[in-house]
Amino acid sequence: MVWAALATPGGAAGQPAELPSEPQPLELTVPVRSELALLQETWLDWLAAANQDDVEGADLALAELQAGAARLGLHRLPDLSLGAAAFAVRAAGDGAFERAELALAAADRLDPGLAEPEFARALVAKRQGGRSLALLAAVRHIAGSPLLTRLAVASLSLWLLGSLLVAAVGFVAVAMATRGRQLVRRLYSWLERLLPGPACLLLTLLILLWPLVLPSGPVLLVVYWTVLLWGHGGRLERVVLTGVILLLGVTPVLINEQRKALSVALSAPVRAVESVATGRLTGTLFSDLGLLRAVLPDSLPVKHLLADVHTMLGQWSPARPLYVEVIEAEPENFSALVDAGVCFFQLGDLERAIDLFRQATALDDRDATAYFNLSQTYSELLRFEESARSLQEAQRRQPQQVGRWLTDAEELKVVPARGGLERSTEIRRQVAAAWRSGEVKPTWLLSLPLAALFLAIAVALHLVLRRAGRRAGRPGDASERRSPAFWQTWLLPGYAEALAQQWGRVWAALVVPSALLGLVLFNDAGFTMPWLLAPMRHATWWLAGFGLAAWLAVRYWRTRRAAG
């Protein structure tokens, strides 16, 4: 029941709040489209060479893939890395293990640091009949990925929350099983003054079980029993029951906050921003950037980022008006001034470029970028004296950096600042405001205000019973102490402890099996990890099975030992 309420198959769903029109992909010039087409053809060349075990041809194709990505201002090809990893698994299935190793090496080069190639390496080693430490490396890569780490932590928190809820339900059931006799006797004694015996017993059962006929009956029954038991329990029991009520109330709040955060992190616009910032060219990058522009059409950080993407692709004309818009709204934006000057330089308007570079030098006197670009622009205009002075100013500020720029000056004469790539936090915050996540709406049973109301009712009931002097026997009454059977102590966690009024031990006895049972649903009730090759997907089943077996064995040994 509880885990079904927490289940979020497929990850955190989300969608933009409003889209004014059908999102259009980012505009690409003919040279960029040709470069992308060449990448696709080169990938086909690599597949052909790898299928023929042509190591030299595969290496040449791989080098060209990396060079093509670099010409687009990016240096990682994650989709092709996943393709190479899948190719390796298929080759290993055909017994071509040398081909598989070739593909795994290509996957590592196309996008170093991905977890999937390590999972693929583990599968290849398994099919080869050996063992590999690749799974440990995959875990290390997961820990090094902010997104995968967030997803793993989110799934673990859901598992922990679900385990606590299952333990809470079990605690209420155990308390009712052991203390329910008190409650039944109390209700029966009140009703027998008004009704005959059979009718009195039937009405007592109806009073205890009526929530089952309502929608969400099991959840309502747990809350109802918690309120009833709170007024009859001891101090420690009331503390745990209070925690049960608050846990039921806070659960939807925690789930909603988590889903909102992950919905934004997994949304296509934010993934596109992260891809650009890390230099990854994905198959949906330009369409996702178009969606980002549609979601936030008036956002200055988005315009700044898109302008940087255009300059990375060498598309100076569409980048220039975007930089101008950013400068008009943020006249002291150093990086936008520098990059606008770079655009004007590349488009031949050198005087305008000089004006922008000068404005940038007035804003940040410590950065050498604007001074270096001034030097290069003066040189283009044959104003060598001014060029030398500007270069001297740049070298005085960042000599090592200027030395590297001079080495690469033949390839890129002026240097962009690309500050838009550093505005991902602002963009993520704006997407969060515009993005509507699939939320778990609190029902009238599960919400913090209702939890507070239920707790107030429980406290009021307790005070009324105490004032009336009709409260049930206190913890430790001999009437409630009886020795459970061996199988009850062994197989019913918390039952023997509840009979002994050891409510702290009741909770401890219930949490462990609840957590182990929750592992069975971990993969389906948590957030789906965005990987394709994960050979240990059913590891949680094995862990749950062995854990429950070990837990039962320990309980059996302790029960036999206590029985003497």
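It should be emphasised that the depicted structure is a prediction, and the values quoted were computed from it without experimental measurement.
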Identify every side-chain donor-acceptor pair in residues 57-75 under 3.5 Å, counting partners at least two apart or on other chains, and give the distances.
unit_1: Glu64; atom_1: OE2; unit_2: Arg71; atom_2: NH2; d: 2.7
unit_1: Gln66; atom_1: OE1; unit_2: Arg109; atom_2: NH2; d: 3.0
unit_1: Gln66; atom_1: NE2; unit_2: Arg109; atom_2: O; d: 3.3
unit_1: Arg71; atom_1: NE; unit_2: Glu35; atom_2: OE1; d: 3.1
unit_1: Arg71; atom_1: NE; unit_2: Glu35; atom_2: OE2; d: 3.2
unit_1: Arg71; atom_1: NH2; unit_2: Glu35; atom_2: OE2; d: 2.8

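- A donor-acceptor pair is defined here as one N or O able to donate and one able to accept, closer than 3.5 Å; no such pair exists between the side chain of Asp288 and the backbone of Pro269.
- In this structure, Thr278 OG1 and Leu421 CG are separated by 10.0 Å, a value rounded to the nearest 0.5 Å.
- At least one side-chain heavy atom of Leu292 sits less than 4.5 Å from a side-chain heavy atom of Val431.
- Minimum interatomic distance between Trp405 and Gln398 (heavy atoms only, all atoms of both residues): CH2-OE1, 4.4 Å.
- Although no hydrogens or angles enter the test, the distance criterion places a donor-acceptor pair under 3.5 Å between the side chain of Ser267 and the main chain of Val264.
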Walk me through it: do Gln346 and Val342 pass the test side chain to side chain contact (heavy atoms under 4.5 Å, CB included)?
-> CA-CA 6 Å; Gln346 297 290 348; Val342 170; 4.3 Å; yes
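- A salt bridge links Arg428 and Glu274; the closest N-O separation between the charged side-chain nitrogens and carboxylate oxygens is under 4.0 Å.
- Remark: side-chain polar atoms of Arg293 are paired, donor with acceptor, to backbone N or O of Pro25 under 3.5 angstrom.
- Between the OG1 atom in Thr251 and the CG atom in Leu247 there is a gap of 4.5 Å [rounded to 0.5 Å].
- Side-chain contact between Val309 and Gln315: absent, with no pair of heavy atoms (C-beta onward) separated by less than 4.5 Å.
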Determine, step by step, whether Arg280 and Thr282 satisfy the side chain to side chain donor-acceptor pair (under 3.5 Å) criterion, reporting the C-alpha distance in whole Å, the side-chain angles of both residues, the deciding distance to 0.1 Å, and the verdict.
-> CA-CA 6 Å; Arg280 284 184 164 90; Thr282 64; over 6 Å; no
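- Shown here for Val326 and Ala336, the closest heavy-atom pair between the two residues is CG1-CB, 3.8 Å.
- Using a 4.5 Å heavy-atom threshold, the side chains of Leu114 and Pro117 count as touching.
- At a threshold of 4.0 Å, the pair Asp53-Arg99 counts as salt-bridged, since one of the basic side-chain nitrogens sits closer than that to a carboxylate oxygen.
- Note that the CZ atom of Arg90 and the CG atom of Leu123 stand 15.0 Å from one another [nearest 0.5 Å].
- Nearest approach of Ala417 to Asp339, heavy atoms of both residues: N-OD1, 2.6 Å.
- Put simply, the side chain of Val295 does not reach to within 4.5 Å of the side chain of Val302, judged on heavy atoms.
- Counting only distance, with no hydrogens or angles, the side chain of Arg76 and the backbone of Pro112 share a donor-acceptor pair below 3.5 Å.
- Between the side chain of Asp94 and the backbone N or O of Ala96 there is no donor-acceptor pair closer than 3.5 Å.
- Here the side chains of Ser299 and His304 are not in contact, with every heavy-atom distance at 4.5 Å or above.
- Val172 places a side-chain heavy atom less than 4.5 Å from the side chain of Val244.
- For the atom pair NE2 (His310) and CG (Leu289), the distance works out to 9.0 Å, reported to the nearest 0.5 Å.
- Counting heavy atoms from C-beta on, the side chains of Leu36 and Phe286 come closer than 4.5 Å.
- From Leu39, atom CG reaches atom CG of Asp79 across 11.5 Å, with rounding to the nearest 0.5 Å.
- Salt-bridge annotation for Glu118 and Arg121: present, with a side-chain N of the basic residue lying under 4.0 Å from a carboxylate O of the acidic one.
- Of the inter-residue distances, the one linking Trp551 atom CH2 with Tyr556 atom OH reads 15.0 Å to the nearest 0.5 angstrom.
- The main-chain N or O of Ala107 is never found under 3.5 Å from a side-chain atom of Glu116 such that the two would form a donor-acceptor pair.
- Checked for salt-bridge contact, Glu426 and Arg423 meet the test: a charged N lies under 4.0 Å from a carboxylate O.
- Between Tyr323 and Trp316, the ring center distance fails the sub-6.0 Å criterion.
- Within the 4.5 Å cutoff, the side chain of Trp507 has heavy atoms near those of the Leu164 side chain.
- Nearest heavy-atom pair, Ala84 versus Trp46, reported as atom, atom and distance to 0.1 Å: CB-CH2, 4.1 Å.
- Distance alone, capped at 3.5 Å, places no donor-acceptor pair between the Asp111 side chain and the Ser81 backbone.
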